[in-house]
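The chains referred to below are lettered A, B, ... by the order of the sequence lines, with proteins before strands, and numbering in each begins at 1.
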2 protein chains.
Amino acid sequence: MSGKERLPVTGAQGGLLRLVATGQAESRAELARLSGLAASSVSLRVEELLEARLLVEEGSGTSRGGRRPRRLRLAPSAGLLAVADLGAHHVRLGLLDLSGTPLAVEERACDITAGPETVLDWMADAFDDLLRTHAPPGVPLRGVGTGIPGPVDPASGRVVGPSRMPGWNNYPVADQLGARYDLPVLVENDANLMAVGEARSWPGSDNLMVLKAGTGIGCGVIVNGRLHRGRGAAGDISHVRVRTDSSVMCACGHPDCLEAYASGAALMAALAEAGVAVDRPADIVGLVNDAVPEATSQVRNAGRLIGEVLTVLVNFFNPDVIAVGGSLSAAEPLIAAIRAAVYERCLPLATRDLEIAPARAGQDSALLGAGALLLDAVL
Amino acid sequence: MSGKERLPVTGAQGGLLRLVATGQAESRAELARLSGLAASSVSLRVEELLEARLLVEEGSGTSRGGRRPRRLRLAPSAGLLAVADLGAHHVRLGLLDLSGTPLAVEERACDITAGPETVLDWMADAFDDLLRTHAPPGVPLRGVGTGIPGPVDPASGRVVGPSRMPGWNNYPVADQLGARYDLPVLVENDANLMAVGEARSWPGSDNLMVLKAGTGIGCGVIVNGRLHRGRGAAGDISHVRVRTDSSVMCACGHPDCLEAYASGAALMAALAEAGVAVDRPADIVGLVNDAVPEATSQVRNAGRLIGEVLTVLVNFFNPDVIAVGGSLSAAEPLIAAIRAAVYERCLPLATRDLEIAPARAGQDSALLGAGALLLDAVL
DNA sequence: GTTACTTCCTTCGATATCGAAGTCAAAGGG
DNA sequence: CCCTTTGACTTCGATATCGAAGGAAGTAAC
């Protein structure tokens, strides 16, 4: 993360603006409760933010038994964020306002193997396109962020030892974007962004795991409401050894990695061998819905293997929620099999209040997550 | 945790006092740096704390190139904490000053199966003994805490579903201690306390796992410098399924739990079967040091199994440190086998800066941890 | 309609914090 | 030795925050 220009706010104002932007607070009273500031101080700061045209007052909210609150909203003209979610073959691009609401989202084909210079330049051009076509006039861009389908060193914004991204190793992604934009820049692993985006859909749950079941298997971890990065590699579960009868060598050099059995790529390979050819992992969901036996049994087996890995993590981490996203998550047998494995084997204490459910935030969750993290950099 | 009386400090004073108590700061300048307060504000607050006789000025520290700092210490008369670490057959009892330094520690035999009323009353009597014999006159007791060898619900201070503690299930431990002391009371799982105590010995490491290898296998997790509780059960790894040839049923009702193979209890049973009888898990260390082949091979195997479980957690959680404590940790082959398994199988990115080492805090780590957590409740 | 109560928000004097400037006390270099 | 530099505090006026009190605007019950 790097960046220079920030919103023209001082100390306490930033915190208040953030509470409004994230939707946690809609009135001065809520701001006072959540920020811990005195109600009088909140009123003063809000007055300044209204003056600065970063907030607007808009009608009134619903009464909670007394006077109705005056509803506060982020001014539409406060700023924009340009965010991307880079995948192996596609990119999702989005333009968000500062509250994280998408103004425009589009998906384009993009070959990540073309190398970082090409892809990032192309991405920046696409951002410029989006801004030209969808940005209201006079609204400034405040930040730029992208998700990367591989490990990212959070401090330097570099890609570190990615598996399917030739030419990207150790490339300073954040620096290059920063050179073009002179704004706060965010570069983060895609599963981590997805976790942050998803977390907003689970208010009250401070500890969650977000599983991304697509071509690969990714996982993002939210601890105490914040993204857990560890030393930059946290959340990786794809190269955990699973208990199986057969033995398969994974690309990482170890035998019997979860990814070699339960990823979308592995499922596609197994189905092809059984005579059922599909192009993309998402197509497997269609096969399952059409009750193609090979597909259902493969997906169920993948769910069981994933679930067995999760048992360890559930006992250890004891999350409130496991949200399952990614293109395979639409296959019901997958989640059913995960649930079965976890609930059977985990400690009752750990599963007592555990919810295992499909992700709620939808396809844009990584974009929303990028917006949420960028907001922290902007304020 | 419950409690009423606190130290007579207001807002900012508490934070400063804590920084001194935890040893993070020794001078006004350090307090200013760490607290984020202005140097002038720090001086004012420190003046008040000196006035209140909670801090004392004591000589001067070493210069960092300029004027020497005036060293600040917690006043010995600021208060005491009474803490205990309840085990299956023994209790360690300690009297700490507010900076967590033990004034007195002793270990007594104690049968936890006697039930909570008996044990807790006995414990309180033991605290009173300690206070009579070792407390300087006029120094008030500020808090009471104990570790429990089983799961504890952090909110209510109750024991929840313990395995080897008949009669304790759902017992309101915190309430009973609170009824006798009218002070802040802390009740926490023993491995968690150990983790908190150990964390202080690893400055700069914000994410650590502390493994307790004794009669059972426990684990405490520090995330971002703070104890991770999850929903109250976090850190449990003893009932994770391990990969083995044979199949053993665990007391929890599932086959092949880690505890059934790698705990001190399991090792003792296996050694007895091989004709080598020992009384306590700690005795196994002696056998290993005497190069008794059965013992060494059993311990090494236990280390391998523990290490294989840790691989999953290292990839997922990506800690800075895994500290191994408990009575078995003195056996070098145990840690060596853990290291071998983790370094062989984990992602290089995850093990790049990972340190796997014996616990540094020694036998009193749980007592120190109880002191550290109590300090938060007291300030 | 009247009364009681709740919640939202503002006013205003008391208090806490900040930060720039200054003092104090050491280390290090000719 | 004297000077410069560095860091550790203090002083003091400017600023931000607090909190008690009160007005504003609603709900709920009778």
Side-chain angles (χ1 to χ4, degrees), chain A residues 6-20 23-75 379, chain B residues 6-75 379:
Chain A
R6 304 203 157 200
L7 277 171
V9 291
T10 67
Q13 290 180 355
L16 297 180
L17 208 49
R18 181 183 331 236
L19 287 168
V20 176
Q24 296 179 74
E26 273 199 338
S27 68
R28 292 166 175 79
E30 282 178 343
L31 282 172
R33 277 192 293 272
L34 291 171
S35 70
L37 295 177
S40 49
S41 308
V42 169
S43 271
L44 287 172
R45 296 311 137 231
V46 166
E47 204 54 46
E48 293 166 7
L49 289 168
L50 290 171
E51 196 88 11
R53 306 213 177 270
L54 292 173
L55 282 183
V56 289
E57 227 169 24
E58 191 185 83
S60 47
T62 53
S63 165
R64 305 195 315 162
R67 172 174 172 176
R68 274 200 292 253
R70 287 149 72 185
R71 180 182 292 158
L72 298 171
R73 286 256 170 115
L74 217 70
L379 289 184
Chain B
R6 304 201 158 204
L7 279 170
V9 291
T10 67
Q13 289 180 355
L16 297 180
L17 208 49
R18 179 181 333 230
L19 286 169
V20 175
T22 56
Q24 296 178 75
E26 272 199 340
S27 68
R28 292 166 174 80
E30 282 179 345
L31 282 172
R33 277 192 293 272
L34 291 171
S35 69
L37 294 177
S40 49
S41 308
V42 169
S43 270
L44 286 172
R45 295 311 138 232
V46 165
E47 204 53 47
E48 293 166 6
L49 288 168
L50 290 171
E51 195 87 13
R53 306 212 179 272
L54 292 173
L55 283 183
V56 288
E57 229 169 24
E58 190 186 82
S60 47
T62 53
S63 164
R64 303 196 317 163
R67 172 174 171 176
R68 276 203 289 252
R70 287 148 71 185
R71 180 182 293 158
L72 298 171
R73 288 254 170 117
L74 216 69
L379 290 183

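- Heavy-atom minimum distance, Val9(A) versus Leu17(A): CG1-CD2, 4.0 Å.
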Item checked: From CA spacing to verdict: side chain to side chain contact (heavy atoms under 4.5 Å, CB included), Leu49(A), Leu72(A) -> CA-CA 11 Å; Leu49(A) 289 168; Leu72(A) 298 171; over 6 Å; no
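- Straight-line distance from the CG atom of Leu37(A) to the C1' atom of dT10(C): 16 Å, rounded to whole Å.
- Contact between the side-chain N/O atoms of Ser41(B) and the OP1/OP2 oxygens of dC18(C) is found at a separation under 4.0 Å.
- The residue Ala12(B) sits close only to the backbone: its heavy atoms come under 4.0 Å of sugar-phosphate atoms, none of a base.
- Nearest heavy atoms, Ser27(B) versus Pro69(B): CB-CB, 3.5 Å.
- Ranking dT27(D), dC12(C), dT11(D) by closeness to the Ser63(A) side chain, first place goes to dT27(D).
- Note that CG of Leu54(B) and CG of Leu379(B) are 9.5 Å apart. Values are rounded to the nearest 0.5 Å.
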Item checked: Worked verdict on Leu16(B) versus Leu37(B) for side chain to side chain contact (heavy atoms under 4.5 Å, CB included) -> CA-CA 10 Å; Leu16(B) 297 180; Leu37(B) 294 177; 4.3 Å; yes
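- Contacts of Ser27(B) with the nucleic acid, taken as non-hydrogen atoms under 4.0 Å apart, involve only primed sugar atoms and P, OP1 or OP2.
- In this structure, Arg70(A) CZ and Ser60(A) OG are separated by 10.0 Å, a value rounded to the nearest 0.5 Å.
- Between Arg28(A) and dT10(C) there is a side-chain N or O to OP1 or OP2 distance below 4.0 Å.
- A heavy-atom distance below 4.0 Å to DNA chain D is reached by these residues of residues 64-73 of chain A, ordered by number: Gly65(A), Gly66(A), Arg67(A), Arg68(A).
- Separating the CD atom of Glu30(A) from the P atom of dC8(C) is a distance of 8 Å, rounded to the nearest angstrom.
- Using a 4.0 Å cut-off between a side-chain N of Lys or Arg and a carboxylate O of Asp or Glu, Glu30(A) and Arg64(A) do not qualify as a salt bridge.
- Taken residue by residue, residues 44-58 of chain A places heavy atoms nearer than 4.0 Å to DNA chain D at Arg45(A).
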Next item on the list: Run the numbers on Arg28(B) and Glu47(B) for side chain to side chain contact (heavy atoms under 4.5 Å, CB included), then give the verdict.
Entry: CA-CA 10 Å; Arg28(B) 292 166 174 80; Glu47(B) 204 53 47; 4.2 Å; yes
